[in-house]
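Values below: every heavy atom of this structure, side chains too, minus hydrogens, waters and symmetry copies.
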Amino acid sequence: MVIVGGWFTVDPGERDAFIAGQADAIRRSRAEQGCIEYVIAADPVEPGRAVLFERWASQADLDAHLAGLSSAPKADGPQVAPAALSIVVYDVSGERTLA
């Protein structure tokens, strides 16, 4: 399993538009082979921050997803560009239930 985690900062007044602008890409990603979870959501404490969380069954599935991004359809209308972002890939060697 591979986990991708990250964050985006945008103008606080544009955060909802930023997240809404990602909805089609989220739906497409969730339909891809090996996608277990794909979410971009509002940070509940920082109004100008959105959080990214992805889980992929394998690195090969993530690689296929990333390769397809350049040919993915672009959203209609203006898009909100993040002022900053950080995205990190974590290789998972195991998992266990917390609760």
Would Ile26 and Val10 show up in the same hydrophobic cluster when neighbours are defined by side-chain heavy atoms closer than 4.5 Å?
-> yes
Cluster overlap Ile19 with Val51, hydrophobic side-chain contacts below 4.5 Å = no
What pairs with [X] under side chain to side chain contact (heavy atoms under 4.5 Å, CB included), at least two apart in sequence or on another chain?
X	value
Ala17	Val80
Ala84	Trp7, Thr9
Ile87	Val4, Phe8, Leu52, Leu85

Please list every donor-acceptor pair under 3.5 Å in which a side-chain atom of residues 61-69 meets a protein atom from a residue at least two apart or in another chain.
| from | atom 1 | to | atom 2 | distance (Å) |
| --- | --- | --- | --- | --- |
| Asp61 | OD2 | Ser58 | OG | 3.1 |
| Asp63 | OD1 | Gln59 | NE2 | 2.7 |
| His65 | ND1 | Glu32 | OE1 | 3.0 |
| His65 | ND1 | Glu32 | OE2 | 3.1 |

Heavy atoms of Ser29 and Cys35 approach each other most closely as O-CB, 3.2 Å
Sort and list the pairs that fulfil salt bridge (charged side-chain N to carboxylate O under 4.0 Å, His left out) and have at least one residue in residues 6-23, not counting sequence neighbours.
-> none
How would you list all residue pairs meeting salt bridge (charged side-chain N to carboxylate O under 4.0 Å, His left out) that involve residues 37-49, not counting sequence neighbours?
-> Asp43-Arg49
Would you mind reporting whether Met1 and Ile36 have side-chain heavy atoms less than 4.5 Å apart?
-> yes
When rounded to the nearest 0.5 Å, the distance separating CZ of Phe53 from CD1 of Ile40 is 13.0 Å
Glu54: partners by side-chain hydrogen bond (donor to acceptor under 3.5 Å, both in side chains), with sequence neighbours left out = Trp56
Donor-acceptor pairs under 3.5 Å, side chain of residues 88-99 to any protein atom, not counting sequence neighbours: which ones?
none

